[in-house]
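First up is the structure itself, then whatever we jot down about it.
Residue numbering restarts at 1 for every chain, and letters A, B, ... go by the order of the sequence lines.
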Amino acid sequence: MAKKPRKKITTVREHPMHVPVSEKNPTGITIRDRHLRRLKGTNLDAAEIKSIFKNYDRKGIIYPTKGKLTKKYKNADKYDEVIAVWTDYFNKKFNANSPIDPDVVKALISSESDFNPDPLGNRKIAIGIAQITKQTLKILQDLDGEAKEFIFKKVRQKDLKDPNISIPMAVRWLQRKKETAASKLKRAPSHEEEILEYKGLLKSNSDYKEAGLKKYREAYAALKK
Amino acid sequence: MRRLKNSSIVVSLCFFVTGCQSAPVFNIETFHTEADDLHVIRVRSDHVRQKCLFLNAEAENNWRHQYFMYVLNDKNEALEIMGSTSQDKDTCEFQSKKIDKILHSESQVKICVRDELKNIQDAKEQNTFIQFDSMGSHKVTYEALTFDSICNSKKCLSNNEPWINTCPGFVKH
């Protein structure tokens, strides 16, 4: 008799949970609300990130445009494969109706760091090739945070200097920013609006959105020429 | 004695010639490369202004500042030159102070900037004016160029590490 396939359980029902005894919880037991189950592959550490990249099926994945920025930037095409793999990975993971274009990721990286894996200037607040902040790193590893649908674990600030780690995190964050932009605009955002949201400029009172977008726009135009 | 007299004439003549020769107020030389345009601007130090602009971004992005430099040209137009990427406040102000030292120690500087020099088309952006103290307020008429390096005769500051090339006469880091 054929084995009946098991239904994939993605949520956990409300359940009691042991917590440290405190004034608020003198019994040491609390009720945990219904929550998403942590499925394997939705909670990546640095080793898993590297393993997924190494073993990823590259058949049919879309690469960012090559050779358009190499005359200007030293590292322009160096991270194309990392961008291609992780953009494809998250587009599939989130079953995106309008998938993220790898050229958007490449132009974003160009505007954030000029493809420099460890820009000298900003080490105190934003780190690495995609200038991920300490605050963003925290959100991207928070089980109950806004990105809880897919998070990372045990990634340290110094790991962000490695583009093999920071690029997947940036693509995941861009995916999240695409959702928040859609929610703010009440429609699907354009790629420029996604980037403005990544840079915190979409709905801010800033008069300098154009300045914030200038470098991205130039790099994206060059890639699509 | 005669020899001494002659040499003093030569010295005073040299002094007179160099003394009368004032540094050019503004000069721009453009180099077209495969990747982009590079420009070497030679300008009097008092024709340069700087600012660290807070971009007023939301939430985890409220660190973003953008370095801007403004150069007054010989047509009384302000050229806008921006840093390539966002910086935090401390980094931006630190850079600005270092450039201030370069500007204040000599009357003439040379600046390397990148990108095509294009007139501003967007109507909104056409109304930016920059105050150059006693020289008055002047309109920004070109799209922002990208900062690469600034030098006086002794010191340089460069932000050109990620690029393939730099302007002739400047050092690529």
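Proximity to chain A (any heavy atom under 4.5 Å) is shown, for B:Asn62, by neither the backbone nor the side chain. Neither the backbone nor the side chain of B:Gln95 comes within contact range of chain A; no heavy atoms are under 4.5 Å apart. Looking at A:Thr133, the atoms closer than 4.5 Å to chain B (heavy atoms on both sides) all sit in the side chain, from C-beta outward. In this structure, chain A has no heavy atom under 4.5 Å from any part of B:Asn159. For chain B, no part of A:Phe115 is nearby; none of its heavy atoms comes within less than 4.5 Å. Both the backbone and the side chain of A:Lys203 have a heavy atom closer than 4.5 Å to some heavy atom of chain B.
Not a single ring-ring contact (aromatic ring centres under 6.0 Å, His included) links B:Phe94 to another residue, sequence neighbours left out.
Sorted by first then second residue, the ring-ring contact (aromatic ring centres under 6.0 Å, His included) pairs that include residues 67-87 of chain B, not counting sequence neighbours, are B:Tyr67-B:Phe147. Residue pairs satisfying the salt bridge (Lys or Arg N to Asp or Glu O under 4.0 Å) criterion with at least one member in residues 66-77 of chain B, sequence neighbours excluded, are absent.
Contact between B:Ile164 and A:Thr70 at its shortest, heavy atoms only, is CD1-O, 3.3 Å.
Side-chain contact check for A:Lys215 and B:Thr146: at least one donor-acceptor pair (N or O, by modelled atom type) lies under 3.5 Å.
For residues 175-194 of chain A, heavy-atom neighbours of chain B at less than 4.5 Å comprise A:Lys177, A:Lys184, sorted by residue number.
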